[in-house]
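Report on the structure given below.
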Amino acid sequence: MEKMLDMCKDYFDQTEEEKLKCGGEHVLAPIRSGTSFNASVEKVFFWRDFLKVWVHPQFHSPPTPAGFSEISLEYCKRTRQVARELIKGISESLGLEECYIDKAMDLESCFQILIANLYPPCPQPELAMGMPPHSDHGLLTLLTQNETDGLQLNHNGKWVNVHALPNTFLVNTGDHLEILSNGKYKSVVHRAVVNNKATRISLAMAHGPNLEKAVTPVTELVDNENNPPLYHGIKYKEYLELQQSNQLSGKSILNHVRI
Ligand SMILES: O=C(O)CCC(=O)C(=O)O
Ligand SMILES: [Fe+2]
């Protein structure tokens with residue numbers, strides 16, 4: 001985990017030329033890098049650089065810095081195992097077979113993205129935001145960070161600071177867990193704030209179903225009298241495209257498929 005965070009730091013420390021500049025590419029490009037800081041089009045300053053890489057079922061990696069590809073390949077494999085193990089527990093907690101969700105979502109070919117975020121110190125943190133409020137699109141996101149906090153979760157309408165312990169994962173539930181569990185699990189709305197003292201790096205490993213799956217609430221959890229289905233089915237790839245091409249805003253994309 002430490003090695004991977006160091007690799008992310010090395011990635012962001014590169015010159016602009018060395019860093020991939022794919023800002024103009026399609027939202028479904030497998031490697032994207034850029035900055036959200038664009039004072040001319042954003043209403044709020046977003047104080048963040050990012051790298052987003054699709055790492056499963058096809059593995060991609062930026063060519064530099066040296067070692068990034070090897071270390072991220074290993075990190076992705078291990079985090080995928082952790083996510084699948086957690087999903088087994090979630091499956092049982094819903095009264096389903098341990099491997100029900102794993103099989104139904106085809107997690108052998110799950111869609112996994114590595115998202116590295118860099119939030120430099122900001123001279124006026126009250127005027128800027130690291131990342132706006134949003135929920136993640138997939139099933140589970142394993143989040144880790146360097147020693148600087150900045151993540152906030154929305155709990156009952158209030159923003160709660162997360163104080164992350166070193167070398168731990170914070171696990172965020174995503175929209176597709178809410179959809180398949182027919183609302184029994186809720187995706188968590190979160191945002192990242194910035195500070196004027198220290199650079200923050202966060203690393204989010206997002207795990208979703210196979211991209212071709214059209215996910216609907218699990219039939220075992222739905223009955224038309226007491227538990228009618230709350231969400232329409234939508235192909236995960238289409239959902240992802242919707243989320244990536246709109247400005248992040250709370251649960252706005254999930255609201256598209258709400259019945
Ligand atoms: O920087 C953080 O802690 C949040 C990152 C995040 O929510 C994301 O990449 O989806
Ligand atoms: Fe997120």
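We number each residue from 1, following the sequence as shown.
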Worksheet item: Between His134 (side chain) and Ser252 (backbone), is there a donor-acceptor pair under 3.5 Å?
Response: no
Taken in chain and number order and not counting sequence neighbours, the residues that satisfy salt bridge (charged side-chain N to carboxylate O under 4.0 Å, His left out) with Lys9 are Asp13
### Query
Under 3.5 Å, side chain of His190 to main-chain N/O of Asn154, donor-acceptor pair present?
no
Closest non-hydrogen contact found for Ile90 with Tyr185 is CG2-CE1, 3.5 Å
Between Pro209 and the options Leu177, Ile101, Leu139, the side chain to side chain contact (heavy atoms under 4.5 Å, CB included) test singles out Leu139
Flag, side chain of Asp223 to backbone of Glu225, donor-acceptor distance under 3.5 Å: yes
Rounded to the nearest 0.5 angstrom, the OH-CD distance for Tyr100 and Glu220 is 3.5 Å
**Asked** Which class fits the ring pair His176 and Tyr236: parallel under 30°, tilted 30 to 60°, perpendicular over 60°?
**Response** perpendicular
message = Can a donor-acceptor pair be found, under 3.5 Å and without considering hydrogens, that links the side chain of Gln14 to the backbone of Tyr11?
response = yes
Please tell me whether Gln112 and Thr79 have a donor and an acceptor in their side chains that are separated by less than 3.5 angstrom.
yes
query: Would you say the side-chain atoms of Lys235 pair up with the backbone N or O of Leu211, donor to acceptor, closer than 3.5 Å?
result: no
Basic-acidic side-chain contact under 4.0 Å: Glu241, Lys237: no
(request) Check whether any side-chain N or O of Asp175 sits under 3.5 Å from a backbone N or O of Lys251 as a donor-acceptor pair, and report yes or no. (result) no
So, Asn146 side chain and Thr199 main chain: donor-acceptor pair closer than 3.5 Å or not? yes
Distance col, row Phe111:CZ vs Gln58:CD, nearest 0.5 angstrom, shows 10.0 Å
Distance-only side-chain donor-acceptor flag, Tyr119 / Thr148, under 3.5 Å = no
Presence of salt bridge, Glu97 and Lys103, under 4.0 angstrom
no
